[in-house]
Amino acid sequence: MTDRAGAWLSLFSGGKDSSWALYQALERGLPVERLVTVHPAGDSYMYHVPETGLATLAAESIGIPLVDVEPDDFDADAVADSSAQGDNELEPLELALEGLATDLEGGIAGLTAGAVESEYQTSRIEGMCDRLECDLFAPLWREEPRELADAMLEAGFEIVIVQVAAHGLDESWLGRTLDADALSDLEELNDEYGVHLLGEGGEFETLVVDGPHMDRRIDLEYDLEWDGTRGRIRVTEASLEDA
């Protein structure tokens with residue numbers, strides 16, 4: 001990273017990976033002034049989808065203002081060219097960041113991103129940062145998955161699984177806390193089915209409900225939606241617990 005002037009922004013879904021990238025940036029003293037959450041209307045190649053509305057509560061607990069980006073439905077379930085789709089999905093985010101670059105004193109110095117192994121996402125974010133003339137901080141990139149997961153738990157992250165879509169992940173995983181026991185079970189599922197320990201293949205999605213970067217824990221009430229092969233939690237009520 002360079003010593004560019006300006007504000008740092010965090011690409012933030014509320015999930016474990018973007019939350020860890022934000023936490024690492026704050027630990028390094030980067031001046032993160034905005035969280036930026038994209039809320040896809042449907043499926044997406046580029047973005048975390050389930051329960052992004054809870055990013056508002058997470059941002060309140062973290063104490064950093066949130067910027068919402070609400071694009072039209074990407075129609076990701078009907079695309080013929082995944083490469084062009086990724087570029088198209090990036091456009092509303094880049095437009096929002098261009099606006100922030102004008103609004104923030106000193107412009108944008110850099111972005112944080114929670115990519116672990118996806119060249120598809122990372123190459124596009126890198127290209128966007130080049131066009132915006134800002135740095136990219138991606139502390140999870142190509143790190144060993146179990147070491148990353150252990151580091152998150154050791155730091156005090158409380159991570160809830162909010163969506164599953166893979167062989168071996170049944171309804172019992174919905175709402176489950178990603179703890180040491182769950183990681184052991186995921187390692188067995190990796191051996192048997194190839195399930196990625198951090199869900200990098202879209203096997204599962206998460207929400208961080210508490211962590212060292214948060215002042216108040218997010219309390220959830222939810223229903224389960226399960227179609228026999230995949231499912232998600234559907235939050236019915238969410239609030240920040242009393243400090």
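Note that this is a predicted model, so its numbers are computed, not measured.
In this structure, Ala109 and Trp8 approach most closely via the heavy-atom pair CB-NE1, 3.7 Å. Between Leu240 and Arg216 the shortest heavy-atom distance is O-NH2, 3.2 Å. Nearest approach of Ser18 to Ser13, heavy atoms of both residues: OG-N, 3.1 Å.
Within 6.0 Å of atom CD in Glu133, 12 or fewer heavy atoms from other residues, nucleotides or ligands are found, so the atom counts as exposed in its surroundings.
The hydrophobic cluster containing Leu11 does not contain Leu95, counting ILVMFWY residues as joined when their side-chain heavy atoms lie under 4.5 angstrom apart, directly or transitively. In the hydrophobic cluster analysis, where Ile, Leu, Val, Met, Phe, Trp and Tyr join through side-chain heavy atoms closer than 4.5 angstrom, Ile159 is grouped together with Leu26.
Val36 places none of its side-chain heavy atoms less than 4.5 Å from the side chain of Phe12. Side-chain contact between Leu97 and Leu111 is present, with heavy atoms from C-beta onward closer than 4.5 Å. Looking only at side-chain heavy atoms (C-beta outward), Leu66 and Arg34 stay at 4.5 Å or farther from each other. Side-chain contact between Leu207 and Leu220 is present, with at least one heavy-atom pair separated by less than 4.5 Å. Side-chain contact between Val32 and Leu9 is absent, with no heavy atoms from C-beta onward closer than 4.5 Å. Counting heavy atoms from C-beta on, the side chains of Trp141 and Val116 never come closer than 4.5 Å. Between Gln163 and Ile233 the shortest side-chain heavy-atom distance does not fall below 4.5 Å. Between Leu35 and Leu22 the shortest side-chain heavy-atom distance falls below 4.5 Å.
In this structure, the separation between CZ on Arg232 and CD on Glu171 is 14.0 Å, given to the nearest 0.5 Å. One finds the CD1 atom of Ile161 at 8.5 Å from the OG1 atom of Thr177 (value rounded to the nearest 0.5 Å). In this structure, CD on Glu33 lies 10.5 Å from CG on Leu100, to the nearest 0.5 angstrom. Rounding to the nearest 0.5 Å gives a distance of 6.5 Å between CG of Leu186 and CG of Leu178. Expressed to the nearest 0.5 Å, how far OH of Tyr222 lies from CG of Leu54 amounts to 12.0 Å. Separation of atoms CE (Met128) and CD (Glu94) is listed at 6.0 Å; rounding is to 0.5 Å.
Applying the ring pair (Phe, Tyr, Trp, His ring centres under 6.0 Å) definition to pairs two or more places apart or across chains, those involving residues 148-203 are Trp20-Phe157, Tyr23-Phe157, Phe157-His213.
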Side chain to side chain donor-acceptor pair (under 3.5 Å) between Asp17 and Ser19, intermediate numbers included: CA-CA 5 Å; Asp17 298 337; Ser19 296; over 6 Å; no
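A salt bridge does not link Asp170 to Arg176: none of the charged side-chain nitrogens sits closer than 4.0 Å to a carboxylate oxygen. Between Glu117 and Arg142 there is no salt bridge, since none of the side-chain N atoms of the basic residue sits less than 4.0 Å from a carboxylate O of the acidic one.
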